[in-house]
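As a basis for the values below, the full set of heavy atoms in this structure was taken, side chains included, without hydrogen atoms, waters or symmetry mates.
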2 protein chains.
Amino acid sequence: MFEKGYYLRNEGDKVDNLMDMLKEKLKEKGYKLTPQRRATLDIIIDNQGQHLNTEEIYALVKEKCPEIGLATVYRTLQLLDEMQMISKINLDDGCSRYELNDHDEDHQHHHLICESCGTIIEVELDLLEHLEEEIEKNHDFEIKDHKVKFFGICSKCR
Amino acid sequence: MFEKGYYLRNEGDKVDNLMDMLKEKLKEKGYKLTPQRRATLDIIIDNQGQHLNTEEIYALVKEKCPEIGLATVYRTLQLLDEMQMISKINLDDGCSRYELNDHDEDHQHHHLICESCGTIIEVELDLLEHLEEEIEKNHDFEIKDHKVKFFGICSKCR
DNA sequence: TGTTTTTTGTCAATCATTTCTAATTTTTAT
DNA sequence: ATAAAAATTAGAAATGATTGACAAAAAACA
Ligand SMILES: [Zn+2]
Ligand SMILES: [Zn+2]
Ligand SMILES: [Zn+2]
Ligand SMILES: [Zn+2]
């Protein structure tokens with residue numbers, strides 16, 4: 001179900017694997033894996049689960065790659081999104097956030113957002129697949145992707 | 001399950017009903033139902049199902065209320081959202097869109113967005129309630145609201 | 001090596017949204 | 001009713017995330 005070579009043997013392999021995946025995807029479109037692009041993906045991998053926004057990513061990338069420009073980070077994030085390495089998340093807080101894509105198709109996750117403290121809890125929703133089948137039948141609509149957010153109050157805030 | 005007086009006898013009653021509802025909600029918070037606020041809600045009611053953005057709403061409101069300023073429309077939409085008369089929709093097209101809330105709690109709808117032609121299809125998802133119960137148990141998270149979007153290709157675009 | 005293509009950094013422009021301010025309307029107190 | 005206080009508004013300016021322009025740098029090509 002997944003390309004050969006993408007099974008991980010240990011944690012260290014993970015970055016290499018994702019980087020190789022990116023390299024391949026870029027090559028398909030005639031793009032190159034530059035140090036800036038490498039550094040940006042590195043930061044997102046290192047901060048998995050963090051839902052960083054562009055400025056935060058920029059600040060972190062700058063530590064390893066001080067000459068990088070903000071526009072490059074914007075361009076790179078857009079590219080990584082197109083290559084489906086990352087996903088853009090909108091929390092209605094006035095900026096775009098990003099997270100590493102889970103390349104295991106069985107485990108797409110979604111977000112519980114606490115309206116009190118802002119905490120983001122990740123939740124896996126396999127159940128949504130049944131819903132999708134139903135919708136595809138009823139509306140003759142071919143579903144490619146979905147975004148689901150739940151708003152409420154987390155356990156700490158009660 | 002719903003306050004007395006909010007059952008509709010005919011179509012004409014609908015606007016009055018929603019307007020009364022708004023008036024009450026505003027009064028609770030010490031706000032007033034001004035002509036500008038009235039005109040803005042009117043337009044949203046008249047264009048139910050349209051998912052208008054702020055500029056579009058501004059243009060339509062201006063026809064009936066030419067002296068209104070764009071900033072007032074922004075403020076009013078924010079207020080109507082707070083009062084839960086309307087909902088903000090984000091389709092990642094660079095602007096906020098709004099739609100009238102369905103005040104029948106059994107029929108919250110969600111959106112199928114065609115990635116080819118941009119058509120928005122509305123779909124009712126009662127099934128999501130089971131999911132919510134599950135999540136509330138598993139994550140000890142009190143769900144107040146949710147936003148669900150499905151992306152794909154509509155029947156016309158295939 | 002010289003030429004072309006891609007990518008980058010800087011800086012300016014864009015554009016949705018918010019803030020500021022003085023004027024207007026509404027409410028409240030006298 | 002009249003004056004002071006509070007809320008709301010229009011219009012202009014400011015903000016802030018994102019994008020575009022462009023010349024320089026890096027990489028691929030011949
Ligand atoms: Zn919380
Ligand atoms: Zn996440
Ligand atoms: Zn379509
Ligand atoms: Zn809708």
B:Leu33 CG to D:dT9 P, in whole Å, measures 10 Å
Summarise how protein sits on nucleotides 18-24 of chain C as a single string, 5' to 3': B when a protein heavy atom is under 4.0 Å from the base, S for sugar-phosphate-only contact, - for no contact.
-> BBB----
Quick one: B:Arg37 CZ to D:dA10 P, roughly how many Å, whole number?
-> 11 Å
Donor-acceptor side-chain pairing of B:Tyr58 and B:Lys62 below 3.5 angstrom = yes
Is the distance from OP1 or OP2 of C:dT25 to the nearest side-chain N or O of B:Gln36 less than 4.0 Å?
-> no
Of all the nucleotides listed (D:dA17, C:dA16, C:dT7), which has the minimum atom distance to the side chain of B:Cys95?
-> C:dA16
Give a yes or no on this: more than 12 heavy atoms of other residues, nucleotides or ligands lie within 6.0 Å of atom CD of A:Glu82.
-> yes
Please check if any side-chain donor atom of A:Thr40 sits under 3.5 Å from a side-chain acceptor atom of A:Arg37, or the reverse.
-> no
Separation of atom OH in B:Tyr58 from atom C1' in C:dT17, rounded to whole Å = 14 Å
Whole-Å gap separating P (C:dT26) and CZ (B:Arg38) | 12 Å
For C:dA16, does either OP1 or OP2 sit under 4.0 Å from a side-chain N or O belonging to B:Ser96?
-> no
Apply side chain to side chain donor-acceptor pair (under 3.5 Å) to A:Asn101 and list each qualifying residue two or more places apart in sequence or on a separate chain.
-> A:Ser87
Using a cut-off of less than 4.0 Å, is there contact between a side-chain N or O of A:Thr72 and OP1 or OP2 of C:dG9?
-> yes
Consider the side chain of A:Lys32, meaning its heavy atoms from C-beta on, and name the nucleotide among C:dT7, C:dT27, D:dA10 that approaches it most closely.
-> C:dT7
In whole angstroms, the gap separating C1' of C:dT17 from CG of A:Asp92 amounts to 13 Å
So, is A:Thr34 close to the C:dT8 phosphate, meaning a side-chain N or O under 4.0 Å from OP1 or OP2?
-> yes
A:Gln84 atom CD, neighbour heavy-atom count above 12 within 6.0 Å = no
Residues, nucleotides or ligands: over 12 heavy atoms within 6.0 Å of B:Lys23 NZ = no
Quick one: CD1 on A:Ile86 to CG on A:Leu100, what's the gap to the nearest 0.5 Å?
-> 8.5 Å
